[in-house]
Amino acid sequence: MNTALVFGGSGQIGAALLARLRAEGWQVLALSRTQRADGPGLRWLRGGFPQPPGLPEQVDAIFSCGPLDAFAQWYAQAGIRSARVVAFGSTSVHVKHASADAGERDVARRLREAEAALFATAEARGEVAIVLRPTLVYGVGRDATLTRIARLARRFGRFVLPRAAAGRRQPVHVDDLADAALAACRSAAAAARGYDLPGGETLAYAEMVRRMLACLSPSPQLHLLPMPLFRMLLVAARTGGIARDLTGDAIARMRDDLVFDAGPAARDFGYAPRVFAPTAAMFGTAQASSGAP
Ligand SMILES: NC(=O)c1ccc[n+]([C@@H]2O[C@H](COP(=O)([O-])OP(=O)(O)OC[C@H]3O[C@@H](n4cnc5c(N)ncnc54)[C@H](OP(=O)(O)O)[C@@H]3O)[C@@H](O)[C@H]2O)c1
C-alpha cells in the first residue's frame with residue numbers, strides 16, 4: 001500500500017487529488033491549519049508551515065497543493081524521505097516577471113526561487129521533484145477568476161469587459177490537474193523539471209467569459225466596451241466596493257495571449273486535459289464532482 005503526504009489537501013486542486021488517492025487505495029496523511037474529520041484512508045494533521053507536526057520518517061510520495069514557496073522552504077530542512085515530490089507552482093512564473101506591478105513581479109520571483117530550491121534539495125537527496133504549473137484554474141466553484149465573474153454577472157444580470165479582451169486563455173479543470181499530479185508521480189518518464197499545464201482548448205478571453213455566462217440560467221449578457229468607457233465604469237464599480245483588486249496590469253493582460261505548451265506533460269505522463277465545456281455547477285456554490293473538503 002502506498003503512503004502519501006499532502007499539503008493543501010483542503011484546496012480546490014488538493015480536494016480533487018485526495019479523492020483520487022483514496023479511491024486508488026493510498027493511505028493519505030494531509031496537513032491543514034484547520035481541524036478536519038478523518039475518513040477511510042485519510043488522516044488529517046492539524047498544522048502548517050514552517051513546522052508541520054507529527055510527520056513520519058518516510059512516505060512514497062509528497063504532494064504540495066498549497067503555497068510553493070513555503071513548501072520549498074520546509075522541504076529544504078525536512079527530515080522526511082520521499083522518492084517522489086510533486087508540487088504545484090504556477091504559469092505566473094512566466095507571466096508576471098515583467099509586470100509593471102511590483103507585487104506581481106514579487107510573486108514571479110518567489111515562484112522561480114521556490115522551484116529552484118525544490119529541485120536543488122531533491123537532487124541533493126537523490127529524490128525526484130516535479131513542478132506542475134497550471135494556467136487559469138476552474139471547475140468546482142472555488143477559483144478566483146471565472147467563479148468570481150459568474151457571481152458578479154449573476155448579481156447584476158450582465159457583465160462588462162473591454163473590447164480589447166481578446167488575449168488567448170487556456171482554462172484548466174481541477175480534475176485534470178489532480179489526474180496530472182498522480183500521473184506525474186507514477187511516470188518514470190516524468191523528470192525533475194517544471195511542466196506547464198494549460199487546459200485542452202485555447203480561446204479568446206471574451207469568448208471564454210461568453211461561454212461561461214451562456215451556461216448560467218438565466219444567462220447574463222456580456223457587453224464589450226471601448227477601453228475608456230470600461231475604465232470609467234471600473235472607477236464607479238470600485239467606489240461601490242467591486243473589483244478593487246483588478247489592477248491596471250490585469251486589465252492590460254486581457255489583450256495578451258497567455259498560451260503554454262502541454263507537449264512535455266503529454267509526452268512524459270500522458271497529460272490530456274479536457275476542452276472548455278462549462279456547466280453552471282462549475283461556478284456555483286454547489287459541490288462538484290471532486291467534492292469539497
Ligand atoms: N487557482 C489558480 O488559478 C491557480 C493557478 C495556477 C497555479 N495555482 C497553484 O496551485 C496550487 C493549488 O491551488 P488551489 O487554487 O487549489 O489553492 P487553494 O484552493 O487556495 O488552496 C490551497 C490550500 O493550501 C493551504 N494553504 C494556504 N496557505 C497556506 C499557508 N500559508 N500555510 C499552509 N497551508 C496553506 C490551505 O490549506 P488549509 O487552509 O487547510 O491549511 C489551502 O486549502 C497553489 O500552489 C497555487 O498557487 C493555482
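Counting starts at 1 for both ligands and their atoms, following the listed order. What you see is a predicted model, and the numbers here were worked out from it, not measured in a lab. What's counted below: heavy atoms across the whole structure, side chains too, no hydrogens, waters or symmetry copies.
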Ring of F156, cation from R154 - is the NZ or CZ under 6.0 Å from the centre and inside 45° of the axis? no

F7-F49 aromatic ring centre distance below 6.0 Å: yes

Quick one, list the residues around ligand 1 where some non-hydrogen atom comes in under 4.0 Å, by chain and residue number. G8, S10, G11, Q12, I13, S32, R33, R36, F49, C65, G66, P67, F88, G89, S90, P134, T135, V137

Looking only at side-chain N and O atoms, does Q170 offer a donor or acceptor that is under 3.5 Å from a partner on T135? no

Parallel, tilted or perpendicular: which one describes the rings of F71 and W74, with boundaries at 30° and 60°? tilted

Residue pairs passing the ring pair (Phe, Tyr, Trp, His ring centres under 6.0 Å) test with at least one member in residues 113-145, sequence neighbours excluded, are Y138-H173, Y138-F276

Going through the distances and angles, do Y195 and R133 end up as a side-chain contact (heavy atoms from CB on, under 4.5 Å)? CA-CA 6 Å; Y195 290 93; R133 307 184 191 114; over 6 Å; no

